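Just so you know, ligand 1 is whichever comes first in the structure, and atom 1 is the first atom listed for that ligand. Model, not experiment: these values are computed from the prediction. Quick note: numbers below take in every heavy atom, side chains included, and nothing from hydrogens, waters or symmetry partners.
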Amino acid sequence: MATGYIGKILKIDLTDGQFVEEALNENYAQAFIGGSGIGAWYLYKMTTKKTDPLGADNPLIFMTGPLTGTRAPCCGRYSVCARSPLTGLWGEANSGGNFGPILKFSGYDGIIITGCSSKPVFLEIIDGQPIMRDASHMWGMDCYQTQQAIKAEAGLSKLSIACIGVAGENKSKIAAIVNDQGRAAARTGLGAVMGSKKLKAIAVGGKKQPKVSDGKAFNTAVNEAQNFLKEDISAAMFRLGGTAFYMDVGMMYGDIPTRYYTQGEFDVTKLTGATLSETILTRTVGCYRCPIACGRKTTLEKYGASDVDGPEYETISALGTLLLIDDLPGITYAGHLCNLYGMDTISTGVSIAFAVYLFEKGILKLSDTDGIELKWGDVGMVIKLIEKMAHRDGFGNILADGSRLLAKKYSVEDMAVQVKGLEVAMHDPRAFSGMAVAYATAPRGGCHLESDFFYVEIGQEIPEVGITASPRGKWTESSSEKAQAVSRHQDWRSLYDSLIICKFAGYSANLVTKLVNAATGWHITPRELLTSGERIFNLKRLININFGLTTAEDKLPKLLLEPLSDGGAKGQVPNIEMMLDEYYQFRKWDKKTGLPTHQKIKQLGLTL
Ligand code: SF4
């Protein structure tokens, strides 16, 4: 087995409590790298179109990559994959903190969980010893209480724990998995998959260190990465302001969704990274071996909450600008509730904003909302609704399953801003047209991370692998070159999610290649790494087609194709049809079926 990996996967069947160790297949590791790449390969093998996302047969896959747990900076994330209960398609989320590296130190590259337990349990893996423990007394605890309880019972403060809160227990389709206090693998509702298996938590600990192939070359590459992060302006912005640094920059571009994606301008002075630093910030925190430390810890006197995690940019926008709220402590508290209950802050904010939008239009009435008046700018209402969503109480029971089902219930499907069932994230494709094709074709739906192409359009290009923004600077122009560049960027991001590298580390392709080769002993080029990303992206496409996806779902919601009357993206609408045509052609995907052609499948070695 190549170095970088531990070489072992742990398989668990919760129905009969059996553990099986399996060697990680070297050939598949090289083909699919790790993280969500290997996760996709297992999911492809283990599911059919009949797999119930909340059933025993849906595998829940936790996976690390060959750089996880090494000295490489910003490589401390883990992936979790399953069939998504929210979209019915490929489900994937990743999270930082320490869980990924410590999972590896516990003796495994990944864990694959099938079956359903008859009572609440948690899995403990310390130094290669997996044990299933009773979690009946933890059912009902929030994510922070759960982590504290497990550490106290084990008498080990150095455990890292990934767990679900009440939302996951209640199988909310927007439930998250939360680790290391408030770090969340939030998107696509994988907390509900964990809840359906009655698996409250996974606790890991251990001392096994992954080896690297060429220590000297690896140290040189690590030093280069550290020096890069010291000098990179974007890394400096994340360090100084957290992800909230983007609030005023993004508003200038017209990139920040406001008033349920219908308004282009909003005064964000009270929501910026600088305001956060001057008012509620207590300290900054970083994931494993991350010199950027974009994480924020805050104190909220009004709510009697201290050592609160966040808020991050996506949370401030989804629970703030999208609802015309500029009360930073209130938004932070709403985000904190999502962390406690284990909920995706993006899907939560977008679903609530959609409800307010429908209420304003008279489609929802007081009799639908348990008597709560839904209005813009009301953070108290948001807090109330989050409580109801987590507990599936009254109107919260509908909101807990996201905006697509809410739209379906009131027969207003074309009003919901979602793609393939996933609520669209906080970057507006009318501001950066590359995001239009990125959202329409992302394997998990309205996701900004499977290609955060807005960064490329701002200037974070990766020219060694052909990722450039053309025509440079004209971010609102749609072009066929842009569709091609988005396609390459999706491949590159699939690689990042497999290694796994944080996307805030804007390494050159050459530097990523040096880290990978020195860790694993492979001799691959940046272009070959890009091809690995393309293989993984196409595999996720095959999974989605198996689950019933058609090209009819490769589209943008109607609201995002209406021009805004104000703000930085005023009057702009991306030419999605033209870009999609170019995209399918470039990807060698059949426009009718959405399938990669036989030639492409063969070229990528995907005849599995
Ligand atoms: S930049 Fe932020 S999210 Fe990324 S690894 Fe560092 S602390 Fe974690």
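- Between H336 and Y333, the two ring planes are tilted [angle within 30° to 60°].
- The protein heavy-atom contact nearest to atom 6 (Fe) of ligand 1 is C290 SG, 2.2 Å.
- Summary of contacts: the protein heavy atom closest to atom 2 (Fe) of ligand 1 is C294 SG, 2.3 Å.
- Using modelled atom types and a 3.5 Å distance limit, the side chains of E423 and S347 yield a donor-acceptor pair.
- Contact atoms of ligand 1 toward R77: 3 (S) (distance under 4.0 Å to a heavy atom of the residue).
- One option in A235, G295, C287 has a heavy atom closer to atom 8 (Fe) of ligand 1 than any other, and that option is C287.
- Note: F454 and F432 have tilted aromatic rings, judged against thresholds of 30 and 60 degrees for the angle between ring planes.
- At least one N/O/S atom of C502, whether from backbone or side chain, sits less than 2.8 Å from atom 4 (Fe) of ligand 1.
- Less than 6.0 angstrom separates the ring centroid of H427 from the ring centroid of Y313.
- Counting heavy atoms from C-beta on, the side chains of F218 and S213 never come closer than 4.5 Å.
- The shortest heavy-atom distance from R183 to ligand 1 is under 4.0 Å.
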